[in-house]
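Report on one structure; see the data block that follows.
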Amino acid sequence: MNATRPKLHHLNWNLLHTFLVIVEERSITKAADRLLVRQPSVSAALQRLEETLGSQLIQRDSRRFVLTKRGELLYKECVDIYRSVARIGDKLSEEHDELTGLVRVLVVTHVVMPVLDRSLTLLNRQHPSVNVRIDVATSQDIVRAVSQKLSPFGICLLPNPLAGLTCRFLLREEFGILCGRDHPLYGLKDIPLADMKDEPFIALACGQDGALEPMVSLRQGVGLGSRIIGSSPHLEEVARMIAAGMGIGILPVASVQDALAAGTLWDLSSPDENLGADLYFVTNPAMEPSAAEAAFQRVFEAQLLAADPASAGAASASDSQYLSDAPLKAL
């Protein structure tokens, strides 16, 4: 589609909102489900928007879903428009002393964090009209969204704090080298890592191809994963393949505690190997949150302080010797 002069007088919020949802869901089918309309209606809306703007916004086929350059620019504008509309609701609700709005929380998969659970409970009690949406994403995507002001905050795993963002340490997430009941190494302990380097490996897909997930550095640091025979972006499916005896893998111990207790998984790692990654609450100091987002942040940080008064400080770009954008390139 050749770019022509946009027919802005035909542009309306419904088309922009539909485009925003399509990009967030990365699927026309999923966007239709979220919008509670039929798939042809969503496809027609996207086509009408592209015709109105005179350019293709998404390159899509059965295997690809990629925003064009103009699509990326429009998506960022749509996010700003959506936030402006949300602020209108916040301002109008101030007179009635009832906070409204949407709080979108980006988190890495399977975070076991009671402080977050309590924060959601308290937010709902204090501001019952505030909507909360929790989206699971890779640490790389969370950092990108916060850096580009598409989201005010996120909870992700990082090797070190990052320059330009405020990164508050939350907890150390322990990882284990796991195998299943039918694996030859099941039940053994104190196995040298060198003896496991050639074992078939099951990988968490979001921890491959240069993503920011620490599973890459953990795997490479201990010399495992030279022969990957299975992978999935879903932790449960990685655990399923490991439990089936297909190979070994590295996963957060807390997320598979039930399987370890039941004996379907076995932790081959020893305590002195110190496998783990740090979980951070990442915010962008250059982005002003909405009233609802600010309320969540206040509740969350108050709960963090109550749980551990010694953790009141946050690592920021000005006070940590480790801060650089090197981790983004190294992983």
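Between P289 and E293, the shortest heavy-atom contact is CA-OE1, 3.4 Å. Smallest separation of non-hydrogen atoms from V253 and G176: CG2-N, 3.6 Å. The two residues A239 and V256 come nearest to each other via the heavy atoms CB-CG1, 4.3 Å. A pairwise comparison of heavy atoms in S139 and V108 identifies OG-CG1, 3.2 Å as the closest pair. Taking all atoms of both residues into account, the shortest heavy-atom contact from S232 to M241 is CB-CE, 4.1 Å. In terms of heavy atoms, S147 sits closest to N284 at O-ND2, 3.5 Å.
Between W266 and Y186, the ring-plane angle classifies as tilted under the 30° and 60° cut-offs.
Between D141 and R144, at least one side-chain N (NZ, or NE/NH1/NH2) sits under 4.0 Å from a carboxylate O, which counts as a salt bridge. Salt-bridge check for E51 with R48: failed, with every basic side-chain N at 4.0 Å or more from each acidic carboxylate O.
Atom CG of residue D190 and atom CG of residue L268 lie 10.5 Å apart, to the nearest 0.5 angstrom. To the nearest 0.5 angstrom, S255 atom OG is 12.5 Å from E174 atom CD. L74 CG to I58 CD1: the interatomic distance, rounded to the nearest 0.5 Å, is 9.5 Å. Here the CG atom belonging to L157 is positioned 10.0 Å from the CZ atom belonging to R172, to the nearest 0.5 angstrom. Put simply, CG on L49 and OG1 on T18 are 8.5 Å apart, with the number rounded to the nearest 0.5 Å. Between the OH atom of Y75 and the CG atom of L20 there is a distance of 6.0 Å, given to the nearest 0.5 Å.
With K189 contributing its side chain and D267 its backbone, the two residues share a donor-acceptor pair below 3.5 Å. The main-chain N or O of P285 is never found under 3.5 Å from a side-chain atom of T166 such that the two would form a donor-acceptor pair. Looking at T264, its side chain never comes within 3.5 Å of a backbone N or O of A243 through a donor-acceptor pair. The main-chain N or O of L57 is found under 3.5 Å from a side-chain atom of T68 such that the two form a donor-acceptor pair. Counting only distance, with no hydrogens or angles, the side chain of H234 and the backbone of E236 share no donor-acceptor pair below 3.5 Å. Listed for the Q303 side chain is no donor-acceptor partner under 3.5 Å among the backbone atoms of V115.
The shortest side-chain heavy-atom distance between C167 and L158 falls under the 4.5 Å cut-off. Between I202 and I229, some side-chain heavy-atom pair lies under the 4.5 Å cut-off. Using a 4.5 Å heavy-atom threshold, the side chains of L304 and R168 count as touching. A 4.5 Å side-chain heavy-atom check between V282 and I142 finds every atom pair outside the cut-off.
Tested against D135 for a salt bridge (charged side-chain N to carboxylate O under 4.0 Å, His left out), the candidates R34, R26, R104 yield a single pass: R104.
Cluster annotation: Y82 and L73 are assigned to distinct hydrophobic clusters (Ile/Leu/Val/Met/Phe/Trp/Tyr, side-chain heavy-atom contacts under 4.5 Å, transitive). By the criterion of side-chain heavy atoms lying less than 4.5 angstrom apart, applied directly or through intervening Ile, Leu, Val, Met, Phe, Trp or Tyr residues, F300 is not grouped with M287; the two fall into different hydrophobic clusters. Transitive grouping of hydrophobic side chains (ILVMFWY, heavy atoms separated by less than 4.5 Å) keeps V66 and I28 in distinct clusters. Transitive grouping of hydrophobic side chains (ILVMFWY, heavy atoms separated by less than 4.5 Å) brings I22 and W13 into a common cluster. Hydrophobic clustering keeps L122 apart from V130 (ILVMFWY residues linked when any side-chain heavy atoms are closer than 4.5 Å, directly or through intermediates).
Sparse packing is recorded around CZ of R240, with 12 or fewer heavy atoms of other residues, nucleotides or ligands lying under 6.0 Å away. Other residues, nucleotides and ligands contribute more than 12 heavy atoms inside 6.0 Å of the CZ atom of F65. Atom CG of D195 is surrounded by more than 12 heavy atoms from other residues, nucleotides or ligands within 6.0 Å.
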For a ring-ring contact (aromatic ring centres under 6.0 Å, His included) check, start with the C-alpha distance between F153 and F296, then their side-chain angles and the critical distance, and finish with the verdict.
CA-CA 10 Å; F153 42 68; F296 167 79; 5.3 Å; yes

